[in-house]
**Q** 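Structure provided below as structure tokens; questions to follow.
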There are 2 protein chains.
Amino acid sequence: MALPNGPVATSSEVEAVLFDLVDVYDRAYEAAAAELSLSPAQACVLGRLDERRGMGALAEELGCDASNITQIVVRLEALGLVTREPDPRDRRGRLVARTTRGDEINQRFATAFTFARTAVARLSAAEQDQLTALLRKALG
Amino acid sequence: MALPNGPVATSSEVEAVLFDLVDVYDRAYEAAAAELSLSPAQACVLGRLDERRGMGALAEELGCDASNITQIVVRLEALGLVTREPDPRDRRGRLVARTTRGDEINQRFATAFTFARTAVARLSAAEQDQLTALLRKALG
DNA sequence: AATGATGCTTGATTCGCTCAAGTAATTCGG
DNA sequence: CCGAATTACTTGAGCGAATCAAGCATCATT
């Protein structure tokens, strides 16, 4: 399991609970991926393929090197969750798309990653709106 | 940079902003560590050494294998940020403690990781209390 | 004193991530 | 239309994080 990101010394209560949230979220994500024998990175990429798209688009959206995406996609392809076809419009490019099995696994992952859903469900509709507003404001 | 953890398909607005928060938090943590040439894991371990403690205690608190901690501590030691002395009470154990330089770097990291601090600062005291309460409730 | 548990390290392996180079295809300037 | 940059991606090398299986030394128990 990945080490948590924080805290050095939580100066306030809010910061502490914020850290807690991030930690629990990250661990839940990782655990959900592990249930399906996926790494978090694999689950992430798989989740971004609702439409077929090029490697570069993925790399840019995920803010990492293209070669990183190559590796992850190669593994997803080896697992039969993804295909990589040449782009007819630009034969340099490769279009990545989920296979039916990829769709299925992605769906199962979405089901397994209950954290955000159940956390939100503990709040009333009004509270959810409040939380959204507060976090938006905090994020600036 | 590490790939984000999410989203498959954000079903609600709250979930989306929650994901955003986690993503920005994680990236900020990583960036702050990188400023000091530390990996997130190294920054994390360094931050847990306000008091000297054994490897096992660290592993348990961080929820990972002891051998993982060994590696990270070895690197921190090589960087001169940490010492590893035999435990006089139990000579199997090794007590890890920050060096003065380790203290300094840890302090600088705390300064560099502004995200939680500045996010919270955008809220009034009342809003901070609200947010704390909401997140606590959501975390269950 | 022997047996077993504990605390940590080592070695092997996998994955994520980055950087530097390389290849192929496209675009652009002349 | 041709050569030069640019773009899209892959490959290879290298590092850190993480896990697992073994191993070693040191307690702790009987």
Side-chain angles (χ1 to χ4, degrees), chain A residues 1-5 26-27 29-31 33-46 48 52-79 81-97, chain B residues 1-5 26-27 29-31 33-34 36-48 52-79 81-97:
Chain A
M1 200 175 298
L3 261 47
N5 284 342
D26 284 339
R27 288 182 191 273
Y29 193 92
E30 193 174 343
E35 271 184 47
L36 298 161
S37 304
L38 295 178
S39 68
Q42 287 168 350
C44 171
V45 169
L46 201 60
R48 308 271 173 154
R52 77 163 41 179
R53 60 208 307 197
M55 313 283 296
L58 282 170
E60 190 182 0
E61 177 174 344
L62 299 177
C64 72
D65 198 278
S67 65
N68 192 11
I69 298 293
T70 297
Q71 289 184 345
I72 295 168
V73 166
V74 164
R75 286 174 194 131
L76 286 174
E77 197 178 22
L79 293 171
L81 305 181
V82 137
T83 61
R84 224 178 356 160
E85 293 167 8
D87 186 340
R89 295 162 173 272
D90 181 344
R91 278 158 25 207
R92 291 171 298 184
R94 307 261 247 149
L95 292 177
V96 190
Chain B
M1 201 175 296
L3 261 47
N5 285 341
D26 283 340
R27 288 182 190 273
Y29 193 92
E30 192 174 343
L36 299 161
S37 303
L38 295 178
S39 69
Q42 287 168 350
C44 171
V45 168
L46 201 58
R48 307 273 172 153
R52 77 163 41 179
R53 59 208 307 195
M55 314 282 297
L58 282 169
E60 190 182 359
E61 177 175 344
L62 299 176
C64 72
D65 197 279
S67 65
N68 194 9
I69 298 294
T70 297
Q71 288 184 347
I72 295 168
V73 167
V74 163
R75 284 173 195 133
L76 286 174
E77 197 179 19
L79 293 172
L81 304 182
V82 137
T83 61
R84 225 177 357 160
E85 292 166 7
D87 186 340
R89 294 163 173 273
D90 181 343
R91 278 160 25 208
R92 290 171 298 183
R94 307 262 247 148
L95 293 177
V96 189

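Each chain gets a letter, A, B and so on, in the order its sequence line appears, and its residues count up from 1.
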**Q** Please confirm whether the backbone N or O of B/R48 pairs with a side-chain atom of B/R53, one donor and one acceptor, at under 3.5 Å?
**A** yes

**Q** Specify the closest pair of heavy atoms between B/R27 and A/G63, including all atoms of both residues, with the distance to one decimal.
**A**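 Looking at all heavy atoms of both residues, the closest pair is NH1-O, 4.3 Å.
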
**Q** Is B/D90 salt-bridged to B/R92, going by a charged N under 4.0 Å from an acidic O?
**A**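 Looking at B/R92 together with B/D90, the answer is yes, because their closest N to O distance falls below 4.0 Å.
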
**Q** With respect to the phosphate group of C/dT9, does any side-chain polar atom (N or O) of B/R84 fall under 4.0 Å of OP1 or OP2?
**A** yes

**Q** Would you list the protein and nucleotides 1-7 of chain D atom pairs, both N or O, that sit under 3.5 Å from each other?
**A**
| from | atom 1 | to | atom 2 | distance (Å) |
| --- | --- | --- | --- | --- |
| D/dT7 | O4' | A/R92 | NH1 | 3.4 |
| D/dT7 | O2 | A/R92 | NH1 | 2.6 |

**Q** Would you mind reading off the distance between B/Y29 atom OH and D/dA17 atom P, rounded to a whole angstrom?
**A** 12 Å

**Q** Does A/M55 reach the side chain of A/V96, with side-chain heavy atoms less than 4.5 Å apart?
**A**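 In contact.
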
**Q** Determine whether A/L81 and A/L38 make a side-chain contact, defined as any pair of heavy atoms from C-beta on separated by less than 4.5 Å.
**A** yes

**Q** Is the base of C/dC19 touched by the side chain of A/S67 through a donor-acceptor pair closer than 3.5 angstrom?
**A**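 For A/S67, whose side chain was compared with the base of C/dC19, there is a donor-acceptor pair (under 3.5 Å).
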
**Q** With rounding to the nearest 0.5 angstrom, report the CD1 to CD distance, B/I69 to B/E60.
**A**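 The CD atom of B/E60 is 11.5 Å from CD1 of B/I69, to the nearest 0.5 Å.
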
**Q** Using heavy atoms and a sub-4.0 Å distance, could you list which residues of residues 53-61 of chain A are near DNA chain D? By number, please.
**A** A/G54, A/M55, A/G56

**Q** What verdict does the side chain to side chain contact (heavy atoms under 4.5 Å, CB included) test give for B/L3 and A/N68, after you've listed the backbone C-alpha separation in whole Å, the side-chain angles of each residue and the deciding distance to 0.1 Å?
**A** CA-CA 10 Å; B/L3 261 47; A/N68 192 11; 4.1 Å; yes

**Q** Could you please name the option among D/dT11, D/dC27, C/dT10 that lies closest to any side-chain atom of B/T70?
**A**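 Of the candidates, C/dT10 comes closest.
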
**Q** Figure out the CZ/P separation between A/R89 and C/dT27, and round it to whole Å.
**A**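 The answer, rounded to whole Å, is 12 Å.
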
**Q** In whole Å, what is the span from the CG atom of B/D87 to the C1' atom of D/dA25?
**A**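 Going from B/D87 (CG) to D/dA25 (C1'), I get 14 Å.
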
**Q** State the CG-CG distance between A/D26 and B/D26, to the nearest 0.5 angstrom.
**A**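 Result: 4.0 Å between the selected atoms.
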
**Q** Has B/R91 got a side-chain N or O lying under 4.0 Å from the OP1 or OP2 atom of D/dC27?
**A** yes

**Q** Is atom CD of A/E61 surrounded by more than 12 heavy atoms (other residues, nucleotides or ligands) closer than 6.0 Å?
**A**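 Above 12, so yes.
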
**Q** If you restrict it to nitrogen or oxygen atoms, what contacts under 3.5 Å exist between nucleotides 14-17 of chain C and the protein, and what is each distance?
**A**
| from | atom 1 | to | atom 2 | distance (Å) |
| --- | --- | --- | --- | --- |
| C/dG16 | OP1 | A/S39 | OG | 2.2 |
| C/dG16 | OP2 | A/R75 | NH1 | 2.4 |
| C/dC17 | OP1 | B/L3 | N | 2.7 |
| C/dC17 | OP2 | A/N68 | ND2 | 3.1 |
| C/dC17 | O5' | A/N68 | ND2 | 3.2 |
| C/dC17 | O3' | B/M1 | N | 2.8 |
| C/dC17 | N4 | A/Q71 | OE1 | 3.4 |
| C/dC17 | N4 | A/Q71 | NE2 | 3.0 |

**Q** Which heavy atom in A/P4 sits nearest to a heavy atom in B/C44, and how many Å separate them?
**A**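 A/P4 and B/C44 have their closest heavy atoms at O-SG, 3.2 Å.
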
**Q** Applying side chain to side chain contact (heavy atoms under 4.5 Å, CB included) between A/L76 and each of A/Q71, A/R84, A/Q42, report the one that passes.
**A** A/Q42

